[in-house]
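Accompanying notes for the structure given below.
These numbers come from a predicted model, not from an experiment. First listed ligand is number 1; within each ligand, the first listed atom is number 1.
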Amino acid sequence: MKIIVTGGAGFIGSNFVYYELKNSEDEIICYDKLTYAGNLENLKYAEDNPRFKFICGDISNRDEVYRLFEFDAPDIVVNFAAESHVDRSIEDPELFLRTNIIGTSILLDACKKYGVKRFHQVSTDEVYGDLPLDRPDLFFTEKTNLHTSSPYSASKASADLLVQAYQRTYQIPATISRCSNNYGPYHFPEKLIPLMIINALNNKKLPVYGTGENVRDWLYVEDHCAAIDLIIRKGKVGEVYNIGGHNEKTNLEVVKTILKILGKGEDLIEFVTDRKGHDQRYAIDPTKIKTELGWTPKTKFDDGIKKTVDWYLENKNWWEKIISGEYQNYYAKMYGNR
Ligand code: NAD
Ligand code: TYD
């Protein structure tokens, strides 16, 4: 089969490309605009694989997308392509609407025009909004109402609604997965875990928003890839699957764990102004994907976070190139006067 992986040069997409090259016989075509978050170096071990091809293109460009479907005739499309950072969406929502909503609608139109066996939308638990900190008994299920907080999550929720509308109206064979926060190799250093690892390695302050009590439910990226692989092959058309491994941690716990692994002092922690509209807690109930598809996460947080820190230690070149460029302007703008 031929699988188009949109956004395959980003964090989760590149891990998914490697997962499929290793675990399937399928042909993988990565279609990616190479925004600031897309990086061909993420795909350097796939480059020479005869089952892999890279095409530079934008999911919100209809002509380009139609050409892609016409010439490459995919069986399956997995849509990772998105603007993915909440803080950037608070600064500049419009690009999020164009890529995450219009881009998804154009991919769906292409599926309708050319036909596919499966369109899979990689969504997020952030479409459910947040849970209160004092109700640890509550979890997001697939039936939880969509209730978004940031322009990012609103754009992802809109895309989910479009996928469901195209499935019902035009019988596009679509599935959706909503995963909790991922961590692992190739994670762009604007996000909590890689940012904190790199700052600690450079003996720079670790900017924790607010009190650091917000809770995220962390999943090692390879477990997310395995879940998506199962859904596109065995999942039922029209269904939504939550993905998460019951790994809830406060941000402060995560940051302290990283400092401990690196042997650095907690004096590096700096509490800074909170994020606007900051979601309190995310927590996934993964019962459906466990019982219906037999998925369970393999990597425990304690092992995954050590593997991740090791990866950043071993791949200094990768992140040094990133943080020496445009990233410096981003960092000054977001953290300069925080
Ligand atoms: P990322 O920002 O690392 O990568 C996004 C990729 O999409 C980049 O390679 C970028 O170049 C590409 N892209 C952006 N706009 C594009 C466009 N218009 N056309 C084609 N390509 C474009 O993001 P990520 O963290 O890997 O997330 C991937 C997907 O998974 C996103 O849809 C995100 O909403 C979802 N998700 C992420 C997490 C997480 O913890 N990172 C959790 C759940 C769901
Ligand atoms: P992030 O990695 O941006 O993911 P998301 O907002 O999609 O969950 O942030 C994870 C948590 O870490 C979130 O509660 C915000 C917090 N955070 C900080 O405290 N400091 C930072 O510098 C960043 C980037 C995030």
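Using 4.0 Å as the threshold, Tyr152 has no heavy atom nearer than that to any atom of ligand 2.
Closest heavy-atom approach to atom 3 (O) of ligand 2 within the set Arg275, Glu213, His278, Glu190: this belongs to Arg275. Heavy-atom proximity to atom 19 (N) of ligand 1, evaluated over Ile102, Ile59, Asn79, is greatest for Ile59.
Distances between N or O atoms of Thr124 and those of ligand 1 include no value under 3.5 Å. At least one N or O atom of Arg216, backbone or side chain, sits closer than 3.5 Å to an N or O atom of ligand 2. Residue Lys33 places at least one N or O, backbone or side chain, under 3.5 Å from an N or O of ligand 1. For Leu192, a nitrogen or oxygen atom sits less than 3.5 Å from a nitrogen or oxygen atom of ligand 2, counting backbone and side chain alike.
A salt bridge links Asp87 with Arg275: at least one charged nitrogen is closer than 4.0 Å to a carboxylate oxygen. A salt bridge links Asp137 with Arg135: the distance from a Lys NZ or Arg NE/NH1/NH2 to an Asp or Glu carboxylate oxygen falls below 4.0 Å. In this structure, Asp160 pairs ionically with Arg178, as a charged nitrogen and a carboxylate oxygen lie closer than 4.0 Å.
If you check which protein heavy atom lies closest to atom 16 (C) of ligand 2, you get Asn251 ND2, 3.4 Å. From the protein, the heavy atom lying nearest to atom 7 (O) of ligand 2 is Glu126 OE2, 2.5 Å. For atom 22 (O) of ligand 2, the closest heavy atom belonging to the protein is Tyr335 OH, 2.7 Å.
Proximity of Tyr327 to Pro189: side-chain heavy atoms (C-beta onward) are separated by under 4.5 Å at one or more points.
The closest side-chain donor-acceptor pair between Asp303 and Tyr220, if any, does not fall under 3.5 angstrom.
No part of Val272 comes within 4.0 Å of ligand 2, judged by heavy-atom distances. If you look at Val86 next to ligand 2, the close heavy atoms, those under 4.0 Å, all belong to the side chain. Contacts between Phe11 and ligand 1 below 4.0 angstrom, taking non-hydrogen atoms only, involve backbone and side chain alike.
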